[in-house]
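Below, read A as the first sequence line, B as the second, and so on, with proteins coming before strands; counting in each chain starts at 1. Just the heavy atoms: all of them, side chains too, but no hydrogens, waters or symmetry mates, feed the values below.
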Protein chains: 2
Amino acid sequence: MGRKRTKSGKIRLAEVAELAGVSPITASRFFRNPEALSVAKRTRVESAAKELGYVPNLAARALASQRTEVIGVLIPSLTNNVFSDVLRGIYDASEGSRYSIQLSNTRYSILQEEKLLRLFLAQKPAGLIVTGIDQTAESRAMLEAADCPIVQIMETGPDPVDMMIGFSHYDAARAAIAHLFEQGHRRIGFVGARMDPRVQRRLDGYVSAMKDAALFDQRLVVTTATPTSVTLGGALFTDLLAREPEIDAVFCANDDLALGVLFECRRREIAVPGQIAIVGFNDLEFMASAVPTLTSVRTNRYEMGKTAATMLIEAIEGRRPEQPVLDLGFKVIERQSSSARRSDNRPGVSGAGAANKMIALPSSHD
Amino acid sequence: MGRKRTKSGKIRLAEVAELAGVSPITASRFFRNPEALSVAKRTRVESAAKELGYVPNLAARALASQRTEVIGVLIPSLTNNVFSDVLRGIYDASEGSRYSIQLSNTRYSILQEEKLLRLFLAQKPAGLIVTGIDQTAESRAMLEAADCPIVQIMETGPDPVDMMIGFSHYDAARAAIAHLFEQGHRRIGFVGARMDPRVQRRLDGYVSAMKDAALFDQRLVVTTATPTSVTLGGALFTDLLAREPEIDAVFCANDDLALGVLFECRRREIAVPGQIAIVGFNDLEFMASAVPTLTSVRTNRYEMGKTAATMLIEAIEGRRPEQPVLDLGFKVIERQSSSARRSDNRPGVSGAGAANKMIALPSSHD
DNA sequence: AGGAACGTTGACAGCGCTACCAGCAACGAC
DNA sequence: GTCGTTGCTGGTAGCGCTGTCAACGTTCCT
């Protein structure tokens with residue numbers, strides 16, 4: 001009557017239990033909460049499972065327990081370097097745990113995010129990682145009604161749904177501008193692409209810092225909804241120069257744009273930082289090795305992903321972190337591209353030689 | 001008797017069936033094979049499902065049907081730009097289908113890959129995408145025994161497990177070297193990092209091309225197992241120059257290295273391409289916007305991911321592609337950094353000006 | 001010595017869905 | 001008119017695991 005071996009030849013929990021001489025339910029407990037077993041049975045089940053090469057059937061487990069061991073991750077982009085670092089952190093943290101990552105790409109659309117959220121939630125994930133704090137009202141309601149831990153990543157803000165880990169893009173932008181002020185720059189342009197909420201907040205930080213110094217001018221701001229790229233950095237900078245030839249610095253909303261600006265300067269024989277200083281955002285690896293080296297705002301992307309996933313897993317397992325909102329901060333990494341202005345006698349258009357001399361400038365930090 | 005509404009308040013198939021006035025099994029069929037229903041019942045079930053907001057329980061479905069709707073993807077790195085493009089293609093292709101992507105990172109370890117493969121296979125995935133053709137014997141055996149379609153991506157080779165989509169890294173490297181030969185370069189260095197199998201094959205292609213021209217010299221090759229980076233490109237190039245100061249071109253195993261070499265040249269005031277030509281690999285976005293623009297070998301990464309996933313899904317659903325092995329090819333995109341050597345009178349060390357003149361050179365393609 | 005408290009174990013009854021097969025009507029072939 | 005054949009539908013019986021609860025033995029307290 002009782003089926004012996006399953007037709008597919010797969011090892012089931014029942015086989016393990018039989019070999020170990022315990023009931024199936026005891027074997028089941030071994031995999032969920034080993035401490036609940038006596039040491040004798042624990043070792044018996046363990047060796048039986050190993051001997052048979054038992055692998056639990058996740059679908060059956062999910063069905064019976066009414067929950068899955070899936071962590072849903074919603075990010076806006078798969079190509080942006082920023083997110084690949086975050087993702088790597090998330091995957092690293094999930095590795096070795098029982099949880100698996102289910103990734104979806106919102107493509108910077110909060111409507112798409114809402115749709116994906118609905119899909120995820122229907123499968124009762126163990127936890128959820130979502131990007132940012134700008135969800136639709138509907139998404140927000142779903143998140144709040146969800147009976148699983150949730151971490152919002154990439155930025156901090158008031159009113160977290162549950163846990164939150166990130167930093168203030170607004171403050172980071174202000175710090176970048178403050179650094180440029182310190183170095184003696186005054187007419188500082190802003191170059192931004194994609195203009196997702198976090199880039200927007202960087203712009204807000206830029207605007208407020210400039211206004212505080214009574215230096216704000218709308219003509220200094222060039223943005224586009226187009227996805228970011230190095231080439232785009234050059235194009236936006238070209239626009240900026242056309243509007244406002246007298247700028248002495250550019251704050252770029254990300255490093256790709258900054259690199260594009262650097263190349264465009266080289267193309268136009270504009271000395272960096274002699275004539276124009278450049279500051280990027282994120283501190284991608286290449287910033288330290290460009291010529292001149294490029295100043296940027298370092299953000300802890302890998303740590304953000306890793307910590308988010310770690311916190312989430314802890315919370316799933318009932319150990320809520322003492323500190324549900326974490327600000328990982330940022331750091332302005334000062335390099336050659338934003339060194340102090342030397343003098344007023346700007347090098348002429350044949351300034352390529354001058355640009356080369358920049359190499360002699362000391363790299364401030366890092 | 002029969003339980004009415006599930007305690008969790010969730011809508012089940014039974015509720016949909018009841019509202020539609022059909023048996024549960026008929027409702028079930030609607031979601032798997034709508035054509036099998038009469039038009040009347042089909043529309044009834046459809047509207048009932050919509051009205052109740054029914055979402056199928058994937059765990060139950062997987063348990064009952066003994067298979068999942070998960071496509072496993074094994075890639076070696078999450079940070080490498082190359083893979084993020086491939087991944088984007090895979091996710092784009094899976095979107096809208098019933099299949100979900102389960103991603104794992106082998107970290108360039110075939111042992112790790114074997115472990116992950118075992119894990120994946122135990123959950124009976126609907127299909128599998130694996131990177132490359134260098135699996136362990138054990139992995140290979142598991143793949144061959146797997147009863148699901150499999151696509152190997154990133155390169156082509158003999159003896160596919162099932163389907164395969166990629167290109168020949170060996171041929172691509174040879175084409176890059178042939179291009180440099182055409183431009184008059186002879187002492188061509190090779191710079192490579194990580195040295196995973198595909199980079200190794202690029203090196204093999206380089207070696208064979210150089211040997212064919214009787215120009216091979218072991219001192220021209222600088223490699224390291226270290227993961228690639230822009231900074232590393234500069235360091236490896238420095239090594240190469242120390243070994244062999246008389247080189248006139250560098251073939252970089254990827255674009256990050258190429259950018260690092262470019263920066264190092266700038267730092268050393270070596271004219272590109274006047275004194276040294278640079279060719280990269282992959283044709284990342286920034287290559288077209290560097291100064292000088294950088295020649296690279298374009299590979300169709302996004303298409304590779306997208307086509308792989310599309311082929312896989314087709315195969316899962318029983319429509320095996322007529323052509324199970326697909327070579328997506330490559331293309332040498334000739335840009336300023338590898339333009340023809342002009343003359344023998346090399347510009348002096350103050351060659352930065354000369355480098356700037358490069359801007360005037362026409363960009364060949366793209 | 002009695003009883004509470006604890007730690008450990010097992011029986012039962014599904015979780016929500018689908019594979020399998022049987023049934024039934026409608027239709028055409030002979 | 002009988003017999004397949006086809007198209008559609010439904011019943012039965014699980015898929016492999018776990019939640020719940022009861023039962024058991026042991027220890028410790030009073």
Side-chain angles (χ1 to χ4, degrees), chain A residues 1-45 49 52-69 98 122-124 126 147, chain B residues 1-45 48-49 52-69 98 122-124 126:
Chain A
M1 359 132 231
R3 46 200 150 102
K4 267 307 235 218
R5 223 123 284 224
T6 181
K7 69 191 105 178
S8 66
K10 275 274 165 252
I11 305 299
R12 291 165 313 167
L13 194 54
E15 272 87 56
V16 176
E18 195 184 356
L19 179 61
V22 300
S23 72
I25 191 66
T26 300
S28 165
R29 260 191 285 266
F30 168 76
F31 293 101
R32 291 174 291 147
N33 184 18
E35 284 74 35
L37 300 203
S38 62
V39 180
K41 304 223 166 179
R42 199 186 308 172
T43 52
R44 288 232 300 284
V45 175
L52 296 172
Y54 171 71
V55 180
N57 180 320
L58 265 38
R61 179 180 286 176
L63 180 58
S65 67
Q66 295 283 65
R67 57 195 164 68
T68 62
E69 285 166 351
R98 62 198 309 164
Q123 300 309 325
K124 304 201 183 193
D147 63 345
Chain B
M1 272 273 82
R3 44 198 151 100
K4 268 306 236 218
R5 224 123 283 224
T6 180
K7 68 191 104 177
S8 66
K10 276 274 164 250
I11 305 298
R12 291 164 311 164
L13 193 54
E15 272 86 56
V16 176
E18 195 184 357
L19 179 61
V22 299
S23 73
I25 191 67
T26 299
S28 166
R29 259 191 286 265
F30 168 77
F31 293 100
R32 292 173 293 146
N33 184 18
E35 284 74 35
L37 299 204
S38 61
V39 180
K41 303 221 167 181
R42 198 186 310 172
T43 52
R44 288 232 300 283
V45 175
L52 296 172
Y54 172 71
V55 180
N57 180 321
L58 265 39
R61 180 179 285 175
L63 181 59
S65 67
Q66 294 284 63
R67 56 195 162 68
T68 62
E69 286 166 351
R98 62 198 309 164
Q123 301 308 326
K124 305 202 181 191

Integer-rounded Å distance: C:dC15 C1' and B:I11 CD1:
16 Å
Regarding B:A36, tell me which of base, sugar-phosphate or nothing describes its non-hydrogen contacts under 4.0 Å with the strands shown.
sugar-phosphate
Whole-Å distance between D:dC15 P and A:L58 CG?
18 Å
To the nearest angstrom, the CZ-P distance between B:R98 and C:dC17 comes to 14 Å
Residue B:R29, side-chain atoms from C-beta onward, closest of C:dG16, C:dA19, C:dC20:
C:dC20
Look at all strands and tell whether B:F30 reaches a base, only sugar-phosphate, or nothing, counting heavy atoms closer than 4.0 Å.
nothing
Out of C:dT9, D:dC17, D:dG11, which nucleotide sits closest to the side chain of A:K41?
C:dT9
Do the side-chain N or O atoms of B:S28 get closer than 4.0 angstrom to the phosphate oxygens (OP1, OP2) of C:dT18?
yes
Whole-Å distance between D:dG10 C1' and B:L37 CG?
12 Å
Determine, stepwise, if the pair B:R29 / B:K41 fulfils side chain to side chain contact (heavy atoms under 4.5 Å, CB included).
CA-CA 11 Å; B:R29 259 191 286 265; B:K41 303 221 167 181; over 6 Å; no
Interatomic distance where CD belongs to A:E35 and C1' belongs to C:dC6 [whole Å]
17 Å
On the nucleotide D:dT9, are OP1 or OP2 found under 4.0 Å from the side-chain N or O atoms that B:S38 carries?
yes
Give the minimum heavy-atom separation between A:L63 and B:A59, together with the two atoms involved.
N-CB, 3.9 Å
Taking only the side-chain nitrogens and oxygens of B:R67, find out if one of them lies under 4.0 Å from OP1 or OP2 of C:dA19.
yes
Among the candidates C:dC17, C:dC15, D:dG19, find the nucleotide nearest to the side-chain atoms of A:Q66.
C:dC15
Compare every heavy atom of B:I11 with every heavy atom of B:Y54, then report the nearest pair and how far apart it is.
CD1-O, 3.5 Å
Short side-chain N/O contact to D:dT18 OP1/OP2 from A:S65, under 4.0 Å
no
Choosing from D:dC17, D:dG11, D:dG19, which nucleotide comes nearest the side chain of B:I25?
D:dG11
CZ of B:R67: more than 12 outside heavy atoms within 6.0 angstrom?
no
Donor-acceptor pair, distance only, cut-off 3.5 Å: does the side chain of B:T68 make one with the backbone of B:K124?
yes
In whole Å, what is the span from the CD atom of B:E18 to the P atom of C:dG16?
15 Å
For D:dG10 and B:T26 - does any side-chain N or O of the residue sit under 4.0 Å from the phosphate oxygens OP1/OP2?
yes
Closest to the B:A64 side chain: D:dG16, D:dG19, C:dG16?
C:dG16
Would you say a side-chain N or O of B:Y54 is under 4.0 Å from OP1 or OP2 of C:dG16?
no
By nearest nucleotide on DNA chain D, pick out whichever of A:A60 and B:V22 is the more 5' one.
B:V22
Please figure out whether A:S23 or A:L63 has its closest DNA chain C nucleotide nearer the 5' end.
A:S23
